[in-house]
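Only a predicted model underlies this, so the values are computations on that prediction, with no experimental measurement involved. First listed ligand is number 1; within each ligand, the first listed atom is number 1.
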Amino acid sequence: MPWCCPEPHLELTLKSCAGYYPILAFKSRALGFLNILYFMGFATTAIHAGQEPDSTSGAVSIPIYQTSTYAQDGLGKHKGFEYARTSNPTRLALERNLAALEGAQFGYAFASGMAAIDATLRLVRAGDHVIVSDNTYGGTNRLFKRVLANYGIEFEFVDTSDVTNVESAIKDNTRMVFVETPTNPVMIVTDLKAVSDVAHASGARVVCDNTFMSPYLQRPLEFGVDIVVHSTTKFLNGHSDGIGGAVVLNNEDDANWIAFIQNSAGAILSPFDSWLVMRGTKTLALRMEQHDKSGRAVAAFLEDHPKVLKIYYPGSKSHKQHDLAKRQQKGFGSMVSFDVGSLEAARTVLESVKLCTLAESLGGVETLVCHPATMTHASVAPEVRERLGITDGLVRISVGIEDTDDIIADIDQALSKVGK
Ligand code: P1T
């Protein structure tokens with residue numbers, strides 16, 4: 001699929017001004033569209049967007065500009081950078097890269113996925129109403145219900161997989177619809193185009209947490225979504241060695257406000273962590289292909305396994321929204337959840353794995369297993385967990401990129417211990 005550049009002539013400007021990269025890079029934040037490569041594929045964009053060789057040394061890998069401030073030539077005379085909370089060349093290179101990967105004009109990198117979501121919610125105010133997918137990452141639910149609700153924002157949690165629920169929840173003061181798709185951990189899929197149409201008809205913005213898919217497998221802006229948020233901690237970084245988050249979007253007014261919040265509240269991604277995420281995105285296309293391949297294989301193995309009561313994977317034909325996932329996503333990814341019926345059985349699986357690691361988080365090269373009810377979703381009310389299917393017997397796997405057969409053999413031997 002071609003990647004469009006709204007202002008093709010600026011491609012030339014970018015190349016001819018390469019020697020002035022930091023200044024140009026700074027301007028690109030304001031101009032936005034410079035960060036979109038012209039007619040390039042995803043892997044090429046991932047490797048090159050925002051990655052012009054360093055103007056001073058020619059370094060092919062963007063240097064880690066480990067500085068808090070920048071020397072100025074005179075009052076009001078500087079090279080586009082004044083203070084590193086506001087802007088940093090390494091972070092800016094990543095922001096341009098992430099924006100390009102989602103097909104957006106503007107990108108902002110934050111200290112964590114939660115910081116990115118928190119900054120995005122600063123687009124609404126006290127008295128506003130926000131509709132949220134009833135299954136999200138537990139930390140998102142906690143931030144909305146236990147923190148932001150104290151500041152007069154009204155949150156309403158609905159099953160966004162049925163667009164009529166969104167439609168009937170909309171009120172005069174609805175300003176945002178926040179969806180996660182597929183959801184963490186029970187993999188509910190929301191129709192991004194349908195929800196965007198309904199929300200836009202009443203003037204509300206749509207935000208999508210695209211962490212589980214990464215832009216390689218799903219690009220929500222193409223379906224009308226206004227803002228994409230990520231925990232870059234996951235597939236974008238891909239190596240389980242940094243916490244980070246991102247907000248990408250096209251609306252210039254909203255982008256200016258996100259930049260203002262980023263600078264005012266200061267939850268920025270450090271230069272080193274920005275560099276780590278850029279190192280990760282360069283191999284995103286390759287990694288996601290392998291994640292997707294092994295995710296499908298693990299899901300197929302679990303689906304037929306006698307000790308597994310239920311699996312949650314949009315790639316499975318038994319998944320209620322398999323057809324929607326097929327239309328909206330380029331693949332199904334590597335997040336698979338399955339129910340083994342009891343806490344005892346789940347504990348056996350989680351404590352018997354040898355290659356897989358029992359840990360929170362996901363999206364890294366190594367396979368991780370976790371117990372959502374007591375780990376990632378412990379902050380969600382027990383009755384809500386029960387209703388969503390986050391039972392004591394639910395196990396979640398983030399399938400890594402080790403050899404597929406080795407991953408399956410490990411899960412197989414762990415499942416064989418259940419009931420013994
Ligand atoms: O951990 P952090 O970088 O702040 O990202 C938060 C977050 C946001 N959105 C989704 C969909 C997530 O899954 C997460 C973090 N999730 C885990 C740590 C987890 O193990 O599920």
E95 with R91: basic N within carboxylate O range, under 4.0 Å
yes

Here the atoms of ligand 1 under 4.0 Å from any heavy atom belonging to L362 are 13 (O), 19 (C), 21 (O)

the protein heavy atom lying closest to atom 17 (C) of ligand 1 turns out to be Y137 CE1, 3.4 Å

So that I know where these two stand, are F178 and F144 an aromatic pair - ring centroids less than 6.0 Å apart? yes

Fill in: Plane angle bin for Y70 and F81 - parallel if under 30°, tilted between 30 and 60°, otherwise perpendicular
tilted

Note to self: Using the rule given for salt bridge (Lys or Arg N to Asp or Glu O under 4.0 Å), can you reason through R96 versus E52, listing the C-alpha separation, both sets of side-chain angles and the distance that settles it, and then say yes or no?
What the structure shows: CA-CA 11 Å; R96 295 171 69 207; E52 294 79 23; 3.0 Å; yes

Of all protein heavy atoms, the one nearest atom 13 (O) of ligand 1 is N184 ND2, 3.0 Å

Nearest non-hydrogen protein atom to atom 20 (O) of ligand 1, with distance, is S361 N, 2.7 Å

Closest to atom 16 (N) of ligand 1 by heavy-atom distance, out of R396, M213, K234, M114, is K234

- prompt: Please walk me through it: do K234 and F212 pass side chain to side chain contact (heavy atoms under 4.5 Å, CB included)?
  reply: CA-CA 8 Å; K234 312 300 180 330; F212 264 34; over 6 Å; no

_Any nitrogen or oxygen of T140, side chain or backbone, less than 3.5 Å from one on ligand 1?_
no

- Scan side-chain atoms only and decide if E82 and T69 contain a donor-acceptor pair under the 3.5 Å cut-off. no

Check the angle between the aromatic planes of W257 and F260 and answer parallel, tilted or perpendicular using the 30° and 60° thresholds. parallel

Counting heavy atoms under 4.0 Å, the part of T232 that contacts ligand 1 is neither

Atom 8 (C) of ligand 1 sits nearest the protein heavy atom D209 OD2, 3.6 Å

### Query
Counting only heavy atoms not in K320, do more than 12 sit closer than 6.0 Å to its NZ atom?
no

Note: ligand 1 atoms sitting under 4.0 Å from heavy atoms of E180 are 11 (C)

- Please indicate whether any nitrogen or oxygen in T233 is less than 3.5 Å from any nitrogen or oxygen in ligand 1. yes

A student checking ligand 1 against G113 at a 4.0 Å heavy-atom cut-off should list atoms 2 (P), 3 (O), 4 (O), 5 (O)

- prompt: With a 4.0 Å cut-off on heavy atoms, is G244 touching ligand 1?
  reply: yes

